[in-house]
Amino acid sequence: MTTDGNITANLTPLPDKVGVEGLEDKWTHTWDDEQTFAFQGDRDRTSVYSIDTPPPTVSGHLHVGHVFSYTHTDIVARYKRMCGYDVFYPMGWDDNGLPTERRVQNYYGVRVDTSLKYNPDFKPPFEGTEGKKVNARDQVACSRQNFIELCEKLSAQDEQQFKDLWVRLGLSVDWKNSYHTIGKRARRVAQKGFLRNLQRGEAYQKEAPGLWDVTFQTAVAQAELESREYPGFYHKLAFHKTDGTDVYIETTRPELLPACVALIANPNDERYKDLFGTTVTSPLFGVEVPVLAHPAAEMDKGAGIAMCCTFGDVTDVSWWRDLHLPTRSILMRNGRINTEIPEWITSPQGQEIYAQMSGKTTFSARTVIVDALQESGELIGEPSATTRMTNFYEKGDKPLEIITSRQWYLHNGGTDLKLRQELLNRGAELKFHPDFMRVRYNNWVDGLNSDWLISRQRFFGVPFPLWYPVQENGEIDYDHPLIPTEDRLPIDPTSDVPEGFAEEQRDQPCGFTAETDIMDTWATSSMTPQIVTHWDEHDGLFEKTFPMDLRPQGQDIIRTWLFSSIVRAHLENHALPWSDTNLSGWILDPDHKKMSKSKGNVVIPKEPIDKFGADAVRYWAACAKLGVDATYDTGQMKIGRRLAIKLLNATKFALAIGREDKNHHVNDSSQVTWDAANVTEPLDQAVMAKLSTVIREATAALDEYDHAHALSIIETFFWEFCDDYIELVKDRAYGTTTCSEQAMISARTTLGLGLDAFARLFAPYLPFVTEEIWHWMHDGEGSVHTAPWPSADFYEQITHSTAESLLDNAGAALAALRKIKSEAKVSMKTPILSVTLKAVPQAQREIQESLSDIACAGKVTGDITLTDLQHDDFIAAGLEGSTEEELQQKAADSFIILTAEHVLGEPPVKK
RNA sequence: GGGCGAUUGGCGCAGCGGCUAGCGCACUUCGUUCACACCGAAGGGGUCGUAGGUUCGAUUCCUACAUCGCCCACCA
């Protein structure tokens, strides 16, 4: 307990032998029993620190990357808690999305059929057949609600292994505050958010050509695209001019020839100027198409003149739109060629070729077309191989096609420049750690080319809370959606019925029909700040926690999770969702390759934790700065383990000394007071001075989210404290020297104050070992993790203006004495009968102040003579300088202490 | 093609317009079991990717290049 000027400790019996084993189990249970990390929620926003924790994908696999970034966040949480904040640190589970959908399908052998109604007695055909691949035809159909229930059931199992890991790692999460992204609250927030967007005109639907994945048969958004290299062939095709001559185009997609609507060249291209305004006929099909000019046509690409099809790529779409071209679509949603012969193909020969390719995949259709072209002589030369970059859905393995469909969009600045600027301003307002990551945000927002497509033609996910009226003639009136009242949310339109309608009217003339699309998973994830803070629930939590303080996340999802969250909060709450964001780096394997499942180099987090302990693994993570990639390095974990053990040993030692009186009798008093007023010796005051500086610097670093720098400062001083200070004051603290009672108390007090401070300084990093040593000192006073973060001012006032350089010079003097023995290859216990130390005058004064401690620690039995450094000594020490003053200053700054004449005694006799 | 980051002893990383470029691991030598062998002490080892420039002075700032990683754009 800290009071003004002193710290009272309740000492508990110390173990004979210390170790880090067992600490994790011991303290995780205590923290759980005592609800050490529970959010209190009884103070206002300024006293709360709230964290928008990333919900891990529960169907995904655990790997050390998880440990890495979640440790960084936990360090922040623990630090802020010690700073007095009521820390709101929830945990979410992401079970909304394709990976979970697939996992549920395979695990239970089920699939969603939105035409089915909820069946409360539904039983999946089997359960828990990991690895057994179920043929899609054998999956049993169930309603979406039944599927979601199975998903929640399975997620609960998956979650457990994540939770076990987080607990084991010591994450100070408040487990009472957890959520699922497919859970009821998340669905309600996502649907309510969407309806509010709709009311304000920010969400809209549109029938338009868009990127489409033929495997998953869904539209995909710009944020889900991935460019990949894709092999192909250039085919040179002859189109026929009216004068009987040909014009040649090059294409990698000859199978789209039936969908050709125009040939297009650059308006400045002399080669084709004469052709603009004329028509040509297509090879094989003989369809007449115009030759048109458009500035987007590049003269040096291919033949300089392109075939515009509806639709081969996004350029086709812009030509089609700008030049008001007809739509001649031949691709079906499953990626196969439409089976109906299009009405624009009129020649019998063309119809026959089309019939051969209908129903085929684009790949097979291409073969048909190429063979036919070769036969007709309209393919010039052999196709030449090429590699091009093509858009893929990030989870797909076939190139995206362009399909016209009705979709829901949300304004995100992709089309509205004013909104785009507002979102850029939000990005400028947000504090990125590290700062250079904001460039990625700006790049992304600047490069948006469309609004956010939020509808997906999938079955598992949060449904759009909408129905549409069915007209008398059976047609669906998409322009006047039926909207539920907010108090009904969440709803599923495929099982719930709009107000004023009855179930019997579903899909009937004059009735209603459900919107069967679901929302993009990011449409839900983008609202995690609103989900965790209970937005619009009027239970008081929102006001205490929103806008949040921190969003930790991966750098790979800046364009998705981070950006979409800012969009939603900007539109809904007119605020940034959080003030700061922490971006973690990647984990690289020892060969500097990014760890990923596909590379097969993933390390399961349990392994290093079992081997080195949670504190050690956390130490490894904590050594890496935010945004910097880290190598998986067990060597670093060993160092963490060593540090943890050193903390135990040093604390045990110092506390044991403190309990012995001058005659080595154990003092059984369990309570001691480390009164700052008792720090009377200059060396002890110097330690307090340095501690104060260390706290000040570490605190500043942590406030800037630089946990690695703070750790390095604390750790460096801790080792100096052990290797130099403890060694120097050992004997004085024992009272075995001829020092005064007060000098002994001063040493014991300083050791106590120092170790008490180290326990707290290391607590965010090494929560288990620090909790252990804290309880040796402060049993019955609660957790170190709710203890106050050390105050630099407290230790500074103890120093009485003693400079911390006194500690450095005393340490350097001790090192000089050790060097004598090390070079003489004798034991450190060998006495030095007499010695001369050379140092600058300032250092001599400081050594004089701690001379008896130095003599004791160095086993100097006779005189220590202090003398000035000579010019040759500076040179010998490698110093350079033009003036004597400069050399003196350099020697003082580097604590140069040399030894001259010395007489060694007899080494102690070995037993 | 545009951009971001990295490049420092064998390895993993700090650092910074000038202090003798630090730390840990590994290495060498020595010691020790009375806090700690899950230990201690002392020591060796780097012309800071390359080439220019700014400066009295560059590992640090600027320019170009190289290598590695990543983001964005690129389908005729």
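Chain naming here is simple, since letters A, B, ... match the order of the sequence lines and numbering starts at 1 in each.
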Review point. Taking the C1' atom of each, how far is B/C30 from B/G18, in whole Å?
Key: 38 Å
Practice item. Using whole Å, report how far CZ of A/F392 lies from C1' of B/C74. Key: 14 Å
**Study point:** A/H294 and A/D322 side chains, donor-acceptor separation under 3.5 Å
**Key:** yes
Check your understanding: Strictly by modelled atom types, are A/Y765 and A/E715 linked by a side-chain donor-acceptor pair under 3.5 Å?
Key -> no
Exercise for review: Could you tell me whether A/A644 contacts a base, only the sugar-phosphate backbone, or nothing, with contacts defined as non-hydrogen atoms closer than 4.0 Å?
Suggested key: nothing
Exercise for review: Examine B/C13: is either OP1 or OP2 under 4.0 Å from a nitrogen or oxygen in the side chain of A/Y619? Give yes or no.
Suggested key: no
Practice item. Hunt down the Watson-Crick or G-U wobble partner of B/A41, both distances under 3.5 Å, from any strand shown, or write none. Key: B/U29
Check your understanding: How are the rings of A/H433 and A/Y705 set relative to one another: parallel (under 30°), tilted (30 to 60°) or perpendicular (over 60°)?
Key -> tilted
Practice item. Report the distance from atom CG of A/D556 to atom C1' of B/G5, rounded to the nearest whole Å. Key: 16 Å
Check your understanding: B/G5 phosphate, OP1 or OP2: any side-chain N/O from A/K625 under 4.0 angstrom?
Key -> no
Exercise for review: By nearest nucleotide on RNA chain B, pick out whichever of A/L400 and A/W444 is the more 5' one.
Suggested key: A/W444
Exercise for review: For A/K821, report the nucleic acid contact type (base, sugar-phosphate, nothing); a contact means any heavy atom under 4.0 Å.
Suggested key: nothing
Revision key, fill the gap. Re B/C16: Watson-Crick or G-U wobble partner, both distances kept under 3.5 Å, found to be none
Review point. Touch check for A/R559, heavy atoms < 4.0 angstrom, all strands: base, sugar-phosphate only, or nothing?
Key: sugar-phosphate
Exercise for review: Name the nucleic acid region contacted by A/L225, choosing base, sugar-phosphate or nothing; use a 4.0 angstrom heavy-atom cut-off, strictly under.
Suggested key: nothing
Exercise for review: Starting from the 5' end of RNA chain B, give me the residue, A/S712 or A/I726, whose nearest nucleotide shows up first.
Suggested key: A/S712
Check your understanding: Where does the angle between the aromatic ring planes of A/W444 and A/F563 fall among parallel (under 30°), tilted (30 to 60°) and perpendicular (over 60°)?
Key -> perpendicular
Check your understanding: Does A/T631 make a side-chain N or O approach to OP1 or OP2 of B/G12 shorter than 4.0 Å?
Key -> no
Check your understanding: Under 4.0 angstrom, heavy atoms only, what part of the nucleic acid is A/C623 near: base, sugar-phosphate, or nothing?
Key -> nothing
Exercise for review: For B/A14 versus B/C25, give the span between their C1' atoms, rounded off to a whole number of Å.
Suggested key: 15 Å
Exercise for review: Could you tell me whether A/M828 contacts a base, only the sugar-phosphate backbone, or nothing, with contacts defined as non-hydrogen atoms closer than 4.0 Å?
Suggested key: sugar-phosphate
Check your understanding: What nucleic acid atoms does A/K236 come within less than 4.0 Å of, heavy atoms only: base, sugar-phosphate, or nothing?
Key -> nothing
Study note, to complete from the structure: Testing B/C19, B/G40, B/A14 for proximity to the side chain of A/W719, the answer is B/G40
Review point. Across the strands shown, which category fits A/D633 at heavy-atom distances under 4.0 angstrom: base, sugar-phosphate, nothing?
Key: sugar-phosphate
Review point. At under 4.0 Å between heavy atoms, what does A/S894 touch on the DNA or RNA strands: base, sugar-phosphate, or nothing?
Key: base
Practice item. Using a heavy-atom cut-off of under 4.0 Å over every strand shown, decide if A/Y234 touches base, sugar-phosphate, or nothing. Key: sugar-phosphate
Check your understanding: Between B/C56 and B/G17, how far is it from one C1' atom to the other, in whole Å?
Key -> 12 Å
Check your understanding: When the distance from CZ of A/R228 to P of B/C72 is rounded to whole Å, what number comes out?
Key -> 13 Å
Exercise for review: For the side chain of A/T252, starting at C-beta, report the closest nucleotide among B/C36, B/C75, B/C70.
Suggested key: B/C75
Study note, to complete from the structure: Taken to the nearest whole Å, OH/A/Y441 to P/B/C72 is 15 Å
Review point. For A/F718 and B/G24, what is the distance between atoms CZ and C1' respectively, to the nearest whole Å?
Key: 16 Å
Review point. With a non-hydrogen cut-off below 4.0 angstrom, is A/W620 in contact with a base, only sugar-phosphate, or nothing?
Key: nothing
Exercise for review: Please confirm whether the backbone N or O of A/C309 pairs with a side-chain atom of A/R253, one donor and one acceptor, at under 3.5 Å?
Suggested key: no
Review point. Hey, does the side chain of A/T315 come within less than 4.0 Å of B/C75's phosphate (OP1/OP2), counting only N and O?
Key: yes
Review point. Taking only N and O in the side chain of A/R642, is any of them less than 4.0 Å away from OP1 or OP2 of B/C25?
Key: yes
**Study point:** P spacing across the pair B/A64 / B/G2, given as an integer number of angstrom
**Key:** 11 Å
Review point. Would you say the base of B/A41 and the side-chain of A/E823 have a donor-acceptor pair closer than 3.5 Å?
Key: no
Exercise for review: May I have the distance from A/E715 (atom CD) to B/G12 (atom P), rounded to whole angstrom?
Suggested key: 19 Å
**Study point:** Residue A/F436, side-chain atoms from C-beta onward, closest of B/C75, B/C36, B/G5
**Key:** B/G5
**Study point:** A/F721: which of A/F758, A/F762, A/F653 passes ring-ring contact (aromatic ring centres under 6.0 Å, His included)
**Key:** A/F758
Check your understanding: Can you check the A/H902 NE2 to B/A42 C1' distance for me, whole Å?
Key -> 14 Å
**Study point:** Heavy-atom neighbours of A/E394 CD exceed 12 at 6.0 Å
**Key:** yes
Please output the side-chain donor-acceptor pairs of residues 631-646 of chain A that fall under 3.5 Å, not counting sequence neighbours, one pair per line with the distance.
{"residue": "A/D633", "atom": "OD1", "partner": "A/G635", "partner atom": "N", "Å": "3.0"}
{"residue": "A/R641", "atom": "NH1", "partner": "A/F612", "partner atom": "O", "Å": "3.4"}
{"residue": "A/R641", "atom": "NH2", "partner": "A/E21", "partner atom": "OE2", "Å": "2.8"}

Review point. Quantified in whole Å, what is the C1' atom distance between nucleotide B/G15 and nucleotide B/U50?
Key: 22 Å
Review point. At under 4.0 Å between heavy atoms, what does A/R388 touch on the DNA or RNA strands: base, sugar-phosphate, or nothing?
Key: base
Revision key, fill the gap. Pairing partner of B/G52, by Watson-Crick or G-U wobble and under 3.5 Å for both distances, is B/C62
**Study point:** Interatomic distance at P, B/U29 relative to B/U67, whole Å
**Key:** 42 Å
Practice item. Have a look at A/K646 and say if it touches a base, only the backbone sugar-phosphate, or nothing, with a 4.0 Å heavy-atom cut-off. Key: base
Revision key, fill the gap. Whole-Å distance, A/L817 CG to B/A42 C1', equals 13 Å
**Study point:** Pairwise C1' distance for B/A6 and B/G45, with rounding to whole Å
**Key:** 24 Å
Practice item. Provide the Watson-Crick or G-U wobble partner of B/G46, both distances under 3.5 Å; none if there is no partner. Key: none
Review point. Considering Watson-Crick and G-U wobble pairs with both distances under 3.5 Å, what does B/G5 pair with?
Key: B/C68
Review point. What distance, rounded to whole Å, do you find between the two P atoms, one in B/G5 and one in B/C39?
Key: 40 Å
Check your understanding: Base, sugar-phosphate, or nothing for A/S227, non-hydrogen atoms under 4.0 angstrom?
Key -> base
Exercise for review: Using modelled atom types only, decide if a donor and an acceptor are shared between the side chain of A/K859 and the backbone of A/I832 within a distance under 3.5 Å.
Suggested key: no
